[in-house]
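Residue numbers begin at 1 in each chain, while the letters A, B, ... track the order of the sequences.
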Amino acid sequence: MKKYNPQKIEKKWQKVWSDKKVFETKSPGLAKDTAGKKKFYILVEFPYPSGDGLHVGHCRSYTALDIVARKRRMQGFNVLFPMGWDAFGLPTENYAIKMGLQPAVVTKKNTDTFRKQLKSLGFSFDWSRQVNTTDPAYYKWTQWIFLQLFKSGLAYKDKIAINWCPKDKIGLDNEEVVAGKCERCGTVVEKKEKEQWMIKITKYADRLIKDIDNVNYLEKIKIQQKEWIGRSEGAEIDFSLNNYEEKIKVFTTRPDTLFGCSFLVVAPEHALLEKIKDKIENWQAVEKYISKAKNKSDLERQDLKEKTGIEILGIKAINPANKKEIPIFVADYVVINYGTGAIMAVPAHDDRDFEFAKKYNLDIKSVILDNGVLVNSEQFNGMNLIDAKNKIVEFVGGKKSINYKLRDWVFSRQHYWGEPIPLIYCEKCNWQAVAEKDLPVELPKVKKYEPTDNGESPLAGIEKWVNTKCPKCNSPAKRETDTMPNWAGSNWYFLRYTDSKNNKELASAKALNYFMPVDWYNGGMEHTTLHLLYSRFIFKFLYDIGAVPKEIGNEPYIKRTSHGMVLGDGGIKMSKSKGNVINPDQVVKEFGADTLRIYEMFMGPFDQSIPWDTKGVIGTRRFLEKIYNLVIKFESYKVIKSEKNNELEILINKTIKKVGEDIEQMKFNTAVSALMILVNSFYDPTSPSGLCGARDNVKNLLLILSPFAPHLAEELWAEMKFKGMCAKQSWPEYNEKLFTSEKVLLIIQINGKVRDKISVNNGLMQKEVEKLVLELEKIKPQILGKEIKKIIFVPNKLINIVI
RNA sequence: GCCCAGGUGGCGGAAUGGUAUACGCACAACACUUAAAAUGUUGCGAGGUUUCCUCAUGCGGGUUCGACUCCCGCCCUGGGCACCA
């Protein structure tokens, strides 16, 4: 008897699919191939090819979308399901430094490993369209996009505090700072100001919020994006000082409470403090507080349980509403980079202000009643707070204003392994764009690329590369030596897939027009705020400058879903240090790719985090063996005689419907369970063969199984001698008429509790059911002598007698 | 503190107003076997007066003929953001 041997059949079919180019997407223009077919663009986040290899978490989300891709192909769509490498970045650079290798060499090795691993799982990616962010032919266009931002005035230089390790003499990314200390040497991290390229994403804040209503993202994703952008409407109000001509501008969302404002608070970094220090009587103490606040790491400042602050003596502010003099405080609970870095404190109506006022014994005056009507606000008394907002702003000569939490995007990195920023600095002409014909500005190949000890990018040390000529005036000039962040390459890669080998444009209008927008994009929740937002922004920008066709709209993704994490045993994150990492290669080797795929779909709801359970993997493998043995046995009979054939026919139609719907709703776990129930139903111990069903039933089983376990389905398709390749068949239809059987099971309740069940004719009316039910042996005694108050009847489902 | 997701058997989970515990794992018994593995069959929320009844979906209320599901309040777990004026 033949035995299920996944290791053998999986390799075999992977080769066939690849040789016959089964999953290569047809491009527009090849009218014969795409005519009459609707495109469907499915995108999964391309991986960062780390040295650790593929994670079982990658496998879970890629399997899910592979199932969607395979099903949509069977439904006749021209599916684009591409894969590539987001390969620039710090871990590769650090690993290369440690091992004394070139980052490019490490990247090549890692992508080769990842590709091999992904191929071993039988994903139906179109490998012919692969992109790699570190390929000069790719990053030429990443640089080109940056130049468009620069030319549009959306890129600018600004001084930004970076994390600085004084011992290693190196700027650190946030992720390299652990609990305020340098990840490498444990030294306390300091702040150091450095000029950085910034991108004005805030200019797009409003559109990034508004347009979210036009796309089909999971609700929690929409909420998180909106919260991150954090739009709040309010007003800017100037407070005069009693002793100085400067004013303090505050931002508030509650101008209606202005009469209750009993002090001002400014951030320690507020520029005014330095200006008015001569007037401040306790400047020494204030200065001490400021330097203490500045020296605190972000973490410390955030972790404060109790608010601290210091009053500025010798100078007071004047509440513009009632002209009263009020004290000014410096406190580090007010942050400099939101609003104006100064607030008007209304302790009666703000918890933080209240806490602060209690501590420093300040006035707490209530100005709004519970019903939203103003009191203690002179001529505004009795007014509704909504009307009062506008009136009071008007009264004090304030200005309505909108603030965002979103900040501009720091685009410079002082590392080697990233895209060089294609700008040249000329003493006469300032910053100049590299000419487009000179793109890409390739990363120079050098031996030494360690970060420098003065905080400059390693590229700064390569004089031959740095020294160049000004594109405008041809005098000696220097290249920008900072490189771009990881996000630069990943925020437009989905465009490149549509036309990945184009060397004239980032992608042709024709290809973009055909494939874009992305129909379905799945990724991790952790990318909701950064990658997802950045790429939406870049797409909108490209739309604005006409780099992508207007017809495709100004949102890149129609639908966005997210997956849950695969956790280690016991529900904790998989990590090397905990020793609970599951290697997909090992699972494939031991159980097979189809087992891994189905297990990861069956383990639980797709959007929830689920711990890995090796015992569960064994169960899935048993399920696949069961299918294999069933079909092999089935093949040996010409005709199966069984009383259950009809029943199976009905079940298979129901299952086709359910599996199809579940895939679209990402309910893969229940789809697998429906397949299990179906497979179990092929067994009939009362029939001579022990089986039931027809060859056609097996055919349909294999078809709906194939997106989940493509190798097994393909193998059994061949065993059954069905025509062609399973992967190229049409998704089966189902006959809904079969579901409506003659008899239905009716639930009988008394006072909402189940008391009996009977089988009745489909469509039986209430009157007849009542007659039937009231005479039932189990029911009759229970209602005897009791008053029937009400009878609830749900046709074909339930009858509830209320007594 | 705010936002989001979740809390159902020994475990992963199913059911989004109508038979709670599908499917799988684990466990137990039986069959096959010299034996074991594999496979198959059966059982498997708790309790009881056991052809049946009662109680169970984090806790407490409510709406409803009927609530895991909807509403109000609370507790716990996970994730995100964090003094955002």
Side-chain angles (χ1 to χ4, degrees), chain A residues 218-224 226-228 230-232 234 250-255 257 261 264-265 267 298-299 301-307 331-335 337-346 349-353 355-356 403-407 525-526 528-529 562 564-565 567 571-573 598-599 602-605 607-620 622-623 625-626 629 667 669-680 683 685 690 745-757 778 789-794 797-803:
Chain A
L218 286 184
E219 201 51 39
K220 61 177 174 180
I221 297 175
K222 286 189 178 185
I223 292 167
Q224 212 172 306
K226 284 185 184 174
E227 292 270 322
W228 185 264
R231 181 182 201 269
S232 48
V250 305
F251 172 74
T252 179
T253 54
R254 299 293 307 274
T257 62
C261 167
L264 292 190
V265 188
D298 281 358
L299 263 171
R301 232 171 114 166
Q302 286 161 17
D303 269 358
L304 291 174
K305 296 253 154 49
E306 203 180 320
K307 300 192 188 336
D332 60 8
Y333 81 92
V334 172
V335 293
N337 49 19
Y338 182 79
T340 60
I343 63 154
M344 55 173 243
V346 186
H349 303 289
D350 182 283
D351 290 345
R352 288 154 307 176
D353 298 345
E355 199 186 309
F356 197 82
N403 251 284
Y404 300 93
K405 286 189 207 173
L406 185 70
R407 295 171 203 168
M525 265 326 264
E526 71 274 21
T528 303
T529 44
S562 74
M565 272 190 291
L567 302 171
I572 46 172
K573 249 190 176 170
I598 294 213
Y599 170 66
F602 185 56
M603 69 198 305
D607 61 347
Q608 257 174 55
S609 295
I610 311 280
W612 183 269
D613 176 20
T614 301
K615 280 182 182 145
V617 184
I618 296 169
T620 326
R622 281 209 281 257
F623 169 56
E625 276 170 18
K626 200 172 192 176
N629 295 336
K667 289 164 76 177
N669 54 333
T670 52
V672 173
S673 124
L675 286 167
M676 286 172 168
I677 293 168
L678 177 65
V679 169
N680 289 339
Y683 290 93
L745 191 68
L746 196 86
I747 307 303
I748 302 159
Q749 297 183 334
I750 294 176
N751 288 349
K753 281 187 175 159
V754 180
R755 283 295 116 111
D756 205 358
K757 304 157 197 183
K778 279 184 192 167
K789 282 191 188 158
K790 206 172 180 181
I791 294 181
I792 311 288
F793 180 68
V794 184
K797 236 174 190 172
L798 157 149
I799 181 161
N800 186 11
I801 303 160
V802 187
I803 54 174

- Item | Opposite nucleotide pairing with B/U57, Watson-Crick or G-U, both atom distances under 3.5 Å | none
- Task: Check every strand shown and say whether A/K753 touches a base, only sugar-phosphate, or nothing at a heavy-atom separation below 4.0 Å.
- Result: sugar-phosphate
- Note on the structure: Per atom distances to the A/V754 side chain, the nearest of B/A15, B/C65, B/U19 is B/U19
- Task: For A/I801, answer base if it contacts any base atom (sugar-phosphate contacts may also be present), sugar-phosphate if it contacts only those atoms, and nothing otherwise; contact means non-hydrogen atoms under 4.0 Å.
- Result: nothing
- Look at the side chain of A/N800 and decide which nucleotide, out of B/A26, B/C83, B/G18, has an atom nearest to it. B/G18
- Figure out the CG/P separation between A/D351 and B/C2, and round it to whole Å. 9 Å
- Query: With a 3.5 Å cut-off and just heavy-atom distances, do the side chain of A/Q749 and the base of B/G18 make a donor-acceptor pair?
  - Reply: yes
- Would you check if there is a donor-acceptor pair between the side chains of A/N680 and A/K626 at a distance under 3.5 Å? yes
- Message: Roughly how many Å apart are B/U39 and B/C25, using the P atom of each and rounding to a whole number?
- Response: 9 Å
- Task: Would you indicate whether the side-chain heavy atoms of A/F623 and A/Y599 approach each other to under 4.5 Å?
- Result: no
- Please measure how far the P atom in B/U8 lies from the corresponding atom in B/G60, and state the result in whole Å. 16 Å
- Task: Compare the minimum distances between each of B/C65, B/C23, B/C25 and the side chain of A/M676, then state the nucleotide with the smallest one.
- Result: B/C23
- Query: How long is the line joining CG of A/D607 and P of B/G80, in whole Å?
  - Reply: 16 Å
- Would you mind telling me which of B/A85, B/U19, B/C25 lies closest to the side-chain atoms of A/K615? B/C25
- Message: At 4.0 Å (heavy atoms only), tell me whether A/I747 reaches a base, stays on the sugar-phosphate, or touches nothing.
- Response: base
- Message: Does A/K790 reach a base, just sugar-phosphate, or nothing at all? Heavy atoms under 4.0 Å.
- Response: sugar-phosphate
- Does B/G9 fall in syn (glycosidic angle within 90° of 0) or anti? syn
- Task: Could you tell me which nucleotide pairs with B/U34 by Watson-Crick or G-U wobble geometry, both distances under 3.5 Å, or answer none if nothing does?
- Result: none
- The Watson-Crick or G-U wobble partner of B/C27, with both key distances under 3.5 Å, is B/G43
- Drop me the distance from A/I750's CD1 to A/D756's CG, to the nearest 0.5 angstrom. 9.0 Å
- Query: What integer number of Å spans the C1' atoms of B/C74 and B/G7?
  - Reply: 14 Å
- Query: Between B/C3 and B/A67, how far is it from one P atom to the other, in whole Å?
  - Reply: 30 Å
- Query: Roughly how many Å is it from CG in A/N337 to P in B/A85, rounded to a whole number?
  - Reply: 14 Å
- Note on the structure: Among B/A85, B/G18, B/C83, the one nearest any side-chain atom of A/T252 is B/A85
- A/W228 versus A/T528: any side-chain heavy-atom pair under 4.5 Å? no
- Item | Nucleotide forming a Watson-Crick or wobble pair with B/G1, both distances under 3.5 Å | B/C81
- Query: Between A/Y599 (OH) and B/C23 (C1'), how many Å, whole number?
  - Reply: 14 Å
- Paired with B/A15 by Watson-Crick or G-U wobble geometry, both distances under 3.5 Å: which nucleotide is it? none
- Task: State whether A/R407 places a side-chain N or O below 4.0 Å from either non-bridging phosphate oxygen (OP1 or OP2) of B/C81.
- Result: no
- Query: Which nucleotide, B/C25, B/C3, B/G80, lies nearest any side-chain atom of A/Q224?
  - Reply: B/G80
- Rounded distance (Å) that lies between atom P of B/G13 and atom CZ of A/F623: 20 Å
- In whole Å, what separates the C1' atom of B/C44 from that of B/G24? 14 Å
- Roughly how far, to the nearest 0.5 Å, is the NZ atom of A/K226 from the CG atom of A/L406? 15.0 Å
- Find the partner of B/C68: check Watson-Crick (N1-N3 plus N6-O4 or O6-N4) and G-U wobble (N1-O2, O6-N3) distances, both under 3.5 Å, and reply none if neither fits. none
- Message: I need the CD-C1' distance between A/E227 and B/C2, as an integer number of Å.
- Response: 8 Å
- Quick one: does A/Q749's side chain get under 4.5 Å of A/L798's, heavy atoms only? yes
- Taking only the side-chain heavy atoms of A/T670 (C-beta and beyond), determine which of B/A14, B/C4, B/A26 contains the nearest atom. B/A14
- Item | Syn/anti state of B/U69 by chi, 90° boundary around 0 | anti
- Would you indicate whether the side-chain heavy atoms of A/Y338 and A/I343 approach each other to under 4.5 Å? no
- Query: Heavy atoms under 4.0 Å, any strand shown: does A/K405 hit a base, just sugar-phosphate, or nothing?
  - Reply: base
- Take atom NZ of A/K615 as the centre, draw a 6.0 Å sphere, and report whether it contains more than 12 heavy atoms from other residues, nucleotides or ligands. no
- Touch class at under 4.0 angstrom, heavy-atom based, for A/R755 against every strand present: sugar-phosphate
- Message: Distance check, P atoms only: B/G18 and B/G66, in whole angstrom units.
- Response: 15 Å
- Task: Using the P atom as the reference point in each nucleotide, state the distance between B/G58 and B/C76 in Å, no decimals.
- Result: 16 Å
- Query: How would you label the contact of A/K667 with the nucleic acid (heavy atoms, under 4.0 Å): base, sugar-phosphate, or nothing?
  - Reply: sugar-phosphate
- For A/I792, which contact category applies under a 4.0 Å heavy-atom criterion: base, sugar-phosphate, or nothing? base
- Query: Among the nucleotides B/C81, B/G24, B/G18, which one has an atom lying closest to any side-chain atom of A/W228?
  - Reply: B/C81
- Query: Hey, does A/D350 reach any base, or is it just sugar-phosphate, or nothing, if we go heavy atoms under 4.0 Å?
  - Reply: nothing
- If you look at every heavy atom in A/R254 and A/M344, which pair is closest and at what distance? O-CE, 3.7 Å
- Query: What is the distance from NZ of A/K220 to P of B/G6, rounded to the nearest Å?
  - Reply: 7 Å
- Could you check whether A/N403 gets within reach of a base, just the sugar-phosphate, or nothing at all, counting any heavy atom under 4.0 Å? nothing
- Message: Is the phosphate of B/A85 approached by A/Y338 (side-chain N or O, under 4.0 Å from OP1 or OP2)?
- Response: yes
- Item | A/Y333 and A/D353, any side-chain heavy atoms less than 4.5 Å apart | yes
- Task: Please measure how far the C1' atom in B/A14 lies from the corresponding atom in B/G45, and state the result in whole Å.
- Result: 15 Å
- Query: Between A/F251 and A/N751, who's closer to the 5' end of RNA chain B by nearest nucleotide?
  - Reply: A/N751
- Send over the distance from A/M603 CE to B/G12 P, rounded to a whole Å. 12 Å
- For A/S232, report the nucleic acid contact type (base, sugar-phosphate, nothing); a contact means any heavy atom under 4.0 Å. sugar-phosphate
- When we call it a touch if two heavy atoms are under 4.0 Å apart, what does A/G339 touch: a base, just sugar-phosphate, or nothing? nothing
- Which base, if any, makes a Watson-Crick or G-U wobble pair with B/G6, both distances under 3.5 Å? B/C76
- Item | Position toward the 5' end of RNA chain B (nearest nucleotide), A/P605 or A/L798 | A/P605
- Query: With sugar-phosphate meaning primed atoms plus P, OP1 and OP2, does A/N669 contact a base, only sugar-phosphate, or nothing at under 4.0 Å between heavy atoms?
  - Reply: sugar-phosphate
